Number of protein chains: 2
Amino acid sequence: MHEGQPASTYPATLSEVAKLARVSVSTASKAINGRGDVSEETRRRVVETADRIGFTPNQLARSLLAGRTGTVGLLTSDLEGRFVLPILMGAEDAFGAGQVNVFLCDARGDAIREQHQLKALLKRRVDGIIVVGRQTDARPSLGHSLPVPVVYAYAPSEDPSDVSLTPDNEAGGRLAIEHLLSCGRSRIGHITGDPSYAAAHDRARGVRQALGAAGLELRGEPMFSEWSERWGRDAAAMLLDQHPDVDAIACGSDQIARGVLDTLRDLGRRVPEDVAVIGYDNWEVLTTNARPELTSIDANLQQLGRESALALFKAMGPNPAQGTDGVRHLPVRLVIRGSTIARR
Amino acid sequence: MHEGQPASTYPATLSEVAKLARVSVSTASKAINGRGDVSEETRRRVVETADRIGFTPNQLARSLLAGRTGTVGLLTSDLEGRFVLPILMGAEDAFGAGQVNVFLCDARGDAIREQHQLKALLKRRVDGIIVVGRQTDARPSLGHSLPVPVVYAYAPSEDPSDVSLTPDNEAGGRLAIEHLLSCGRSRIGHITGDPSYAAAHDRARGVRQALGAAGLELRGEPMFSEWSERWGRDAAAMLLDQHPDVDAIACGSDQIARGVLDTLRDLGRRVPEDVAVIGYDNWEVLTTNARPELTSIDANLQQLGRESALALFKAMGPNPAQGTDGVRHLPVRLVIRGSTIARR
DNA sequence: GAAACCTACGAAACCCTTTTCGAGAACTCT
DNA sequence: AGAGTTCTCGAAAAGGGTTTCGTAGGTTTC
């Protein structure tokens with residue numbers, strides 16, 4: 001039973017190729033990499049031999065010599081969170097096209113574990129690190145004594161001299177309100193999530209700004225509690241009880257918005273005719289399945305991942321970090337669906 | 001401006017440590033790794049020096065020599081899919097404790113890209129590969145000519161001589177029905193998703209088996225269409241129209257179940273008193289926010305990830321693959337909530 | 001005081017590839 | 001025919017660490 005390729009034994013080395021092709025190792029190397037002076041005939045012979053025995057250059061040896069590995073570490077504090085995934089995709093995307101591979105490390109939100117993972121990444125000589133947090137609250141810096149550049153995505157670093165990229169939640173809040181205003185609404189309430197999240201306050205601030213700019217005021221105070229449908233249902237009931245005249249509700253998350261929609265339906269209010277509803281996050285499984293489909297704010301997380309990768313690339317390059325430090329707030333995007341504008 | 005640690009330049013090498021500690025490289029190596037004969041005094045001096053200049057052993061050099069890198073490739077065909085994530089976590093978990101790091105590669109469901117990523121992983125001399133698919137349908141094998149062991153997770157390989165791990169959807173279908181039966185239900189309908197998915201048919205088969213074993217029949221045929229709330233709503237309306245006496249509905253996904261719940265509520269049927277509803281996947285954001293909370297089948301994906309990692313470990317070890325080939329169907333789990341049993 | 005033995009350390013080989021530089025061969029030119 | 005070019009190729013070093021083996025020095029034993 002002999003298959004075409006040898007199994008369970010690692011690919012041949014360059015010296016084996018060289019021996020079989022009856023040339024020196026150096027010539028074999030040059031032939032395969034298309035460098036140096038090698039006659040066409042020799043090159044052909046070497047490449048043929050390499051193909052025949054399934055030669056795969058050992059990237060370790062190459063990296064050792066080059067001083068760069070072409071790998072980056074993706075250090076996330078919480079894989080479970082649904083925000084890291086699109087970021088991860090974007091980063092993988094931006095790198096993947098080239099020669100860079102990604103080490104994925106999940107620290108489970110544990111600082112000790114994170115230090116452990118960091119050490120492991122440095123031992124493996126990654127060329128750079130992206131740190132992805134689960135919330136937009138600022139997180140401790142990894143410090144500046146690291147031998148590789150670091151970019152913080154989603155959760156910015158507390159240290160302003162680090163490079164951080166995070167979605168612009170304030171602009172998101174404004175965008176939501178501006179959309180509701182442009183739909184002719186003016187009696188607007190705001191139901192949002194856990195007050196321990198910076199995102200909740202940032203978005204609420206944006207909401208207030210946009211209302212203020214239009215000379216309007218929020219109906220009641222922003223309602224904080226938790227990021228759940230249940231809270232959305234309960235809060236909507238309270239809001240409508242205290243302010244029966246609201247014609248729009250801006251929500252801090254799509255889950256909350258789903259709960260709000262439920263309550264409105266139970267109370268016989270039509271959406272969007274009587275009350276317009278807008279969510280946040282554009283979590284497709286929630287927005288496109290809602291009745292009616294839910295208008296929402298999309299944080300462009302995949303784009304954020306790509307930008308993070310690009311920023312890291314830049315920092316890894318020859319002339320790194322020329323004033324690109326600090327927190328960059330990336331623009332968010334409005335996705336309009338049936339919960340704010342009636343279908344024709 | 002001189003910080004404690006040198007920045008932007010890679011950690012010192014062993015020879016620098018050796019020079020500063022006035023010993024040879026070999027002695028330094030032995031001192032740091034606790035091997036060989038080194039006097040206590042010398043060891044202390046070397047370790048101290050290493051700490052002082054922030055020496056970090058170069059894993060590349062080590063791997064090159066050892067012939068093993070302590071890395072594995074995680075080749076997923078679709079990062080977006082929500083099933084790969086827990087699997088990935090489980091695998092990361094099982095490896096992370098040790099010295100193994102994970103290369104994450106997303107092939108975007110593209111076979112060409114997959115081959116590309118595979119080549120890259122082999123160049124990097126990973127010790128093994130886990131292939132994670134997005135559906136439970138069988139996928140083409142990567143072949144047996146690879147120099148490293150491969151384990152297929154979620155989507156099994158078409159080749160029965162590969163090692164595959166996938167959730168037992170048939171058992172899941174049975175489990176759902178057995179639970180409904182034990183709740184005293186007997187007039188059961190089945191609404192499920194896209195008929196091009198093996199998962200839909202496997203679960204439907206399990207449903208039929210369990211009903212048959214109890215001497216019962218399904219109310220109507222299993223209803224296939226798509227994995228969405230919308231379909232759940234529409235299908236429930238149809239089912240109740242044709243079989244007004246159903247006292248339980250087994251759903252092919254939590255999304256479908258959410259839609260079913262909506263329709264039941266609209267039609268004034270009480271859940272679970274009049275009709276019990278069970279979902280599938282145990283997607284927490286959907287199940288715990290439903291009214292009432294949704295009973296569901298959990299595929300234990302994180303466990304599946306861990307098992308995959310373990311299987312790979314075994315295959316990477318000294319005596320690999322002794323009859324562990326083939327598709328292993330991992331057990332699923334029932335999670336009971338208010339949609340099948342009334343809260344006290 | 002010589003033989004036997006330990007201990008602590010260092011020299012060198014090895015892992016695999018790339019790159020530099022030098023050497024021989026073939027060829028051209030005068 | 002000798003000098004100068006141009007090609008083609010190989011020897012050797014480098015990259016950073018581990019491991020084997022040899023050796024110098026000191027200690028014990030008879």
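All values below were derived from every heavy atom in this structure, side-chain atoms included, with hydrogens, water molecules and symmetry-related copies excluded. All chains are named by letter (A, B, ...) in the order of the sequence lines, taking the proteins before the strands, and each is independently numbered beginning at 1. Treat the numbers as computed from the prediction; the structure is a model and nothing was measured.
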Engineer: Distance criterion of 3.5 Å, no angle test: do you see the side chain of B/S26 paired donor-to-acceptor with the base of C/dA11?
Structural biologist: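 For B/S26, whose side chain was compared with the base of C/dA11, there is a donor-acceptor pair (under 3.5 Å).
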
Engineer: Tell whether B/K30 reaches the base of D/dG17 with its side chain through a donor-acceptor pair below 3.5 angstrom.
Structural biologist: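 Under the 3.5 Å cut-off, the side chain and the base do not form any donor-acceptor pair.
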
Engineer: When you check the phosphate oxygens OP1 and OP2 of D/dT18, does a side-chain N or O of B/N33 lie under 4.0 Å from one of them?
Structural biologist: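 Yes, B/N33 has a side-chain N/O under 4.0 Å of OP1/OP2 on D/dT18.
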
Engineer: A/L330 vs A/R328, test: side-chain contact (heavy atoms from CB on, under 4.5 Å). Steps then yes/no.
Structural biologist: CA-CA 6 Å; A/L330 264 58; A/R328 262 180 67 199; 4.0 Å; yes

Engineer: What is the nucleic acid contact for B/T27, judged by heavy atoms within less than 4.0 Å: base, sugar-phosphate only, or nothing?
Structural biologist: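 Base, at least one base atom sits under 4.0 Å.
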
Engineer: Check the distance between C/dA8's P and B/R44's CZ and give it to me in whole angstrom.
Structural biologist: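 The answer, rounded to whole Å, is 15 Å.
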
Engineer: Which pair of non-hydrogen atoms, one from B/T27 and one from B/S24, has the smallest distance, and what is that distance?
Structural biologist: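 Shortest heavy-atom separation between B/T27 and B/S24 comes out as OG1-OG, 3.1 Å.
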
Engineer: When the distance from CZ of B/R125 to P of C/dC16 is rounded to whole Å, what number comes out?
Structural biologist: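 These atoms are roughly 9 Å apart.
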
Engineer: Quick check: does any side chain N or O of A/Y154 sit under 3.5 Å from a backbone N or O of A/L301, one acting as donor and the other as acceptor?
Structural biologist: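 Side chain of A/Y154 to backbone of A/L301, a donor-acceptor pair under 3.5 Å: no, none is there.
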
Engineer: Can you tell me how far P of C/dT19 sits from CD1 of A/I32, to the nearest Å?
Structural biologist: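 Rounded to the whole Å, the gap is 13 Å.
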
Engineer: Measure the distance from CD on A/E40 to P on D/dC7 and round it to the nearest whole Å.
Structural biologist: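 Between P of D/dC7 and CD of A/E40: 14 Å.
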
Engineer: Nearest heavy atom decides the nucleotide; on that basis, is B/T42 or B/L64 closer to the 5' end of DNA chain C?
Structural biologist: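 Final value for this comparison: B/T42.
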
Engineer: Considering only C/dC9, C/dC16, C/dT18, which nucleotide approaches the side chain of B/V38 most closely?
Structural biologist: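 From the listed options, C/dC9 comes nearest.
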
Engineer: Verify the contact: side-chain N or O of B/S24 to OP1 or OP2 of C/dG10, cut-off strictly under 4.0 Å; return yes or no.
Structural biologist: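 The answer is yes; a side-chain N or O of B/S24 sits under 4.0 Å from OP1 or OP2.
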
Engineer: Under 4.0 Å between any heavy atoms, over every strand shown, what does B/D37 touch: base, sugar-phosphate, or nothing? Just pick one.
Structural biologist: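 Counting heavy atoms under 4.0 Å across all strands, the contact made by B/D37 includes a base.
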
Engineer: Phosphate oxygens OP1/OP2 of D/dG17: is one of them under 4.0 Å from a side-chain N or O of B/R62?
Structural biologist: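 The answer is no; no side-chain N or O of B/R62 sits under 4.0 Å from OP1 or OP2.
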
Engineer: Which pair of heavy atoms, one from B/D78 and one from B/V84, lies closest together, and at what distance?
Structural biologist: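 Looking at all heavy atoms of both residues, the closest pair is O-CG1, 3.5 Å.
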
Engineer: Given A/D162 and A/H144, is the side-chain contact (heavy atoms from CB on, under 4.5 Å) satisfied, shown in steps?
Structural biologist: CA-CA 8 Å; A/D162 284 324; A/H144 285 249; 3.2 Å; yes

Engineer: In terms of side-chain heavy atoms of B/V23, which of C/dA8, C/dT17, C/dG10 is nearest?
Structural biologist: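 Of the options given, the side chain of B/V23 lies nearest C/dG10.
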
Engineer: Describe the nucleic acid contact of A/S63 in one word from base, sugar-phosphate, nothing, applying a heavy-atom distance below 4.0 Å.
Structural biologist: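 Counting heavy atoms under 4.0 Å across all strands, no contact is made by A/S63.
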
Engineer: Among D/dA14, C/dT20, D/dT8, which is the nearest nucleotide to the side chain of A/L65?
Structural biologist: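 So the side chain of A/L65 is nearest to D/dA14.
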
Engineer: Side-chain N or O of B/S29 less than 4.0 angstrom from OP1 or OP2 on D/dT18?
Structural biologist: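 Answer is yes, contact under 4.0 Å.
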
Engineer: Is B/S39 close enough to C/dC9 that one of its side-chain N or O atoms is under 4.0 Å from OP1 or OP2 there?
Structural biologist: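 Affirmative; the distance criterion is met.
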
Engineer: So, is B/R35 near the phosphate of D/dT18, with a side-chain N or O under 4.0 Å from OP1 or OP2?
Structural biologist: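 Indeed not, no polar side-chain atom of B/R35 lies that close.
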
